[in-house]
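Heads up, the thing below is written out as structure tokens.
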Amino acid sequence: MSEEKTENTACARLMIRGRVQGVFFRASTVELAVRLELGGWVRNCRDGSVEVVAEGQEQKVQELIQWCHQGPMGAQVQKVELQWEDCQGPFETFSIKR
């Protein structure tokens, strides 16, 4: 890949904590990520948090991150932990990981 092509690409890993399970957080994340043309996945964690890995145009990844601070109606997000990672290459889709 050329420098120009990867310059605006970003990959973020998020841990969203609070009341985020049982409120359609995963389905809503997939819906938004697909609209933003992002790749990656979202899953529920055993500790009650939701984990997200999103990759794509940096501006669109930032939009998803902003949304995760509120989540869908019914969610009560207390904390979003963000870690930037090296891009893993294009994901085929954005999906719920089980």
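- Looking at every heavy atom in both residues, Cys87 comes nearest to Thr9 through SG-CG2, 3.5 Å.
- The local environment of CD in Gln70 is sparse, with at most 12 non-hydrogen atoms from other residues, nucleotides or ligands closer than 6.0 Å.
- A distance of 7.5 Å separates CG of Leu82 from CD of Gln62, quoted to the nearest 0.5 Å.
- Nearest approach of Phe25 to Cys68, heavy atoms of both residues: CZ-O, 3.9 Å.
- Contact record, Glu55 with Val61: C-CG2, 4.1 Å, taken as the closest heavy-atom pair.
- Within a 6.0 Å sphere centred on CD of Glu85, heavy atoms belonging to other residues, nucleotides or ligands number more than 12.
- Hydrophobic clustering, with ILVMFWY side chains joined whenever heavy atoms are under 4.5 angstrom apart, groups Leu36 together with Val50.
- To the nearest 0.5 Å, the span separating CD on Glu51 from CD1 on Ile16 amounts to 8.5 Å.
- Within a 6.0 Å sphere centred on CG of Asp47, heavy atoms belonging to other residues, nucleotides or ligands number more than 12.
- Hydrophobic clustering of Ile, Leu, Val, Met, Phe, Trp and Tyr side chains at less than 4.5 Å, counting indirect connections, keeps Trp41 apart from Val20.
- The hydrophobic clustering, which links ILVMFWY residues whose side-chain heavy atoms are closer than 4.5 Å, places Val53 and Val34 apart.
- To the nearest 0.5 Å, the span separating CZ on Arg26 from NZ on Lys97 amounts to 13.0 Å.
- Lys79 NZ to His69 NE2: the interatomic distance, rounded to the nearest 0.5 Å, is 11.0 Å.
- Taking all atoms of both residues into account, the shortest heavy-atom contact from Cys11 to Asp86 is CB-O, 4.1 Å.
- The minimum heavy-atom distance between Cys45 and Met15, with the atom names listed, is SG-CE, 3.9 Å.
- Under a cut-off of 6.0 angstrom, the local environment of CZ in Phe24 is sparse, with at most 12 non-hydrogen atoms contributed by other residues, nucleotides or ligands.
- Distance check: Phe94 CZ to Leu32 CG gives 8.5 Å after rounding to the nearest 0.5 Å.
- The nearest pair of heavy atoms linking Ile65 to Ala12 is CD1-CB, 4.0 Å.
- With rounding to the nearest 0.5 angstrom, the CH2 atom of Trp67 is 8.5 Å from the CD atom of Glu31.
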